[in-house]
Amino acid sequence: MQTPVSPLQSDFGEVAAQQLEHIAARAQEIEQLRKLPQDLVERLADLGLYNLCNPPAFGGHAQSPRIYAEVVETLATADASVAWCCFIGITSSFSMASSNSPVVREILQQPGTIAAGVFAPTGRSRRAEQDGQTGFRVYGRWSWGSGSQNAGWVSVGTLLEDDEGEIVRDDEGKPVYLACILDARDITFADNWRVMGLQGTGSTDFEVEGVFVPGDRSYSQAGSRLGTPPDDPIFLFPNFGMLGIGIAATALGTARAAIDDVVALARSKTPQGASKTLVQKPATAVDVARAESHLRAGRTFFYESIDTAWQGALDGNVTTTHRRDLRLAITHAVHEAKRAIDLAHELAGGTSVYSRSPIQRRFRDVHVMTQHMMVNQATYELVGRLFLGLPTNTDQL
């Protein structure tokens, strides 16, 4: 077990960078396993990388969203699946901190706690009592359970239903959303994560059938966070922004690695039928420059928007404009990263089709990232309506 790292003792970006050689050496193992090796996850959790942003009262290291993004981006240069599961752990712990429960605080304060979660409310919860304790019976099946097979605790989205099985609605007629924190030992995992990219994330389906969850391991979507220091800015930062940051940071780190891969390859590869190395071809310089421009443009807007929204949180006022720009920058970064990787993949030629080439893995990984609902084409319509001043539902902005 690694010695836990205090934020006062070490820079987390450097901590992440020190793991890259070890992670890269295990990339093939991660692909074949179709989830992260448990010892690797525990290694990163012990180093504090799975709970970066929560305040110490919630077991975290009080790091800013920028530090979170930089850590994930760094990890992705070695392996996108590792970066992806790390950000899922960070955001799941952050979500669980919405609970005002001492029980949840105690869970998060345990050294090396590994959390995962699916916010989509595809499950159902019903009020119940067991052994004199009030809580909820939870039923359902959730998809996209990234990192859940490595976690000790998994937060799931449910819709509250009454004793007749009807969805409970609030005063505005909206379904009541309840997040429930499951002990991973109560979960049944499917074996259906057989995909083209991000294979090592273990994003399989999982289900529970009537598991009792005590009330102090549940919380509403809004999350009052009572008892939290009122001036703690991390809890003012957009929840969906936190989720999207991890996706974009993973894409950017993957693109950085793909460009570096193809530059190294160009110095040694002589294409079939050619007399000069790839680096000597004018088209190589053009495509490398284009890839760099895509990556840097996406990255600059991304970090600029994070910093601006974070300043809003520090000032106690995160506006719709902050949330709009952050969501747009996140989506833009992912698609610019994809463009950079596409150029690297094409430039590498036949080399990139072999499983031994990391470029083909990065190509597959980023094309899975672009399918995530947080960064798909619907984002542009959402933020475009705001630019146009049209009535827009911003609940998930």
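Starting from 1, each residue takes its place in the sequence as its number.
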Please list, chain by chain and in numerical order, all residues satisfying side chain to side chain donor-acceptor pair (under 3.5 Å) with [X], sequence neighbours excluded.
X    : value
T204 : N192
R66  : E70, D307
R327 : none
R26  : H22, E29, D39

With a 4.5 Å cut-off on side-chain heavy atoms, are [Y] and [X] touching?
X    : Y    : value
C53  : M242 : yes
C180 : Y219 : no
E336 : F302 : no
E161 : R137 : no
R323 : T394 : yes
L44  : Y50  : yes
D232 : P55  : yes
I245 : F87  : no

Would you tell me whether S143 and D205 have side-chain atoms, one donor and one acceptor, within less than 3.5 Å of each other?
yes

Side-chain ([X]) to main-chain ([Y]) donor-acceptor, under 3.5 angstrom:
X    : Y    : result
D162 : G165 : yes
T74  : A16  : no
T113 : Q110 : yes
E207 : F189 : no

When rounded to the nearest 0.5 angstrom, what distance separates [atom1] in [X] from [atom2] in [Y]?
X    : Y    : atom1 : atom2 : value
I23  : I30  : CD1   : CD1   : 7.0 Å
E381 : Q377 : CD    : CD    : 11.0 Å
L278 : S268 : CG    : OG    : 9.0 Å
I187 : F206 : CD1   : CZ    : 5.0 Å
L243 : I88  : CG    : CD1   : 6.0 Å

Check the surroundings of atom [atom1] in [X]: do more than 12 heavy atoms from other residues, nucleotides or ligands lie under 6.0 Å from it?
X    : atom1 : value
D131 : CG    : no
E106 : CD    : no
R127 : CZ    : no
E129 : CD    : yes

Please name all residues satisfying salt bridge (Lys or Arg N to Asp or Glu O under 4.0 Å) with [X], sequence neighbours left out, ordered by chain then number.
X    : value
R356 : none
R361 : D79
K338 : D342
R34  : D191

Testing the basics here: between [X] and [Y], what is the closest heavy-atom pair and its distance to 0.1 Å?
X    : Y    : answer
A76  : A249 : CB-O, 4.3 Å
I341 : A258 : CG1-CB, 3.9 Å
S81  : G200 : OG-N, 3.1 Å
Q133 : P214 : NE2-CB, 3.4 Å
V72  : A83  : O-CB, 3.4 Å
A78  : A24  : CB-N, 4.1 Å

Would you say [X] and [Y] are hydrophobically clustered, going by side-chain heavy atoms of ILVMFWY under 4.5 Å?
X    : Y    : result
I167 : V156 : no
V366 : V263 : yes
L347 : Y354 : no
L265 : V286 : no
F212 : I181 : no

The complete set of side chain to side chain donor-acceptor pair (under 3.5 Å) pairs with one or both residues in residues 166-175, sequence neighbours excluded, reads none

Residues pairing under side chain to side chain donor-acceptor pair (under 3.5 Å) where one sits in residues 82-91, two or more places apart or in two chains, turn out to be W84-S146

- Test F94 against N54 for side-chain contact (heavy atoms from CB on, under 4.5 Å), laying out the working first. CA-CA 6 Å; F94 176 73; N54 283 1; 3.8 Å; yes

> Taking NZ, NE, NH1 and NH2 as the nitrogens, is one of them in D261 or R362 under 4.0 Å from a carboxylate oxygen of the other?
Replying inline: yes

R364 bridged to E31 by N-O distance under 4.0 Å: yes

Applying side-chain contact (heavy atoms from CB on, under 4.5 Å), run through T158 and W142 and close with a yes or a no. CA-CA 10 Å; T158 73; W142 294 264; 4.1 Å; yes

### Task
Dump the intermediate steps for side-chain contact (heavy atoms from CB on, under 4.5 Å) on L326 and I306, then the final yes or no.
CA-CA 6 Å; L326 181 60; I306 291 174; 3.8 Å; yes

Look at the rings of F12 and H61 and say which category their plane angle falls in: under 30° parallel, 30 to 60° tilted, over 60° perpendicular.
tilted

Besides F301, the hydrophobic cluster formed by Ile, Leu, Val, Met, Phe, Trp and Tyr side chains linked at under 4.5 Å, directly or via other members, contains L328, Y380, L382, V383, L386, F387, L397

Using a 4.5 Å side-chain heavy-atom cut-off and chaining through intermediate ILVMFWY residues, the residues clustered with W144 come out as W193, V195

Exactly one candidate in T370, N376, T379 meets side chain to side chain contact (heavy atoms under 4.5 Å, CB included) with H335; the answer is T370

**Report entry** Step-by-step salt bridge (charged side-chain N to carboxylate O under 4.0 Å, His left out) determination, R256 to E73
**Finding:** CA-CA 9 Å; R256 176 73 272 157; E73 183 182 13; over 6 Å; no

Establish, yes or no, whether the cationic atom of R105 lies under 6.0 Å from the six-membered ring centre of F58 and within 45° of the ring axis. yes

Are F119 and F240 near enough that their ring centres are under 6.0 Å apart?
yes

Exercise for review: Please assess T201 against K35 for the test side-chain contact (heavy atoms from CB on, under 4.5 Å), listing each intermediate value before the final yes or no.
Suggested key: CA-CA 5 Å; T201 61; K35 62 180 181 180; over 6 Å; no

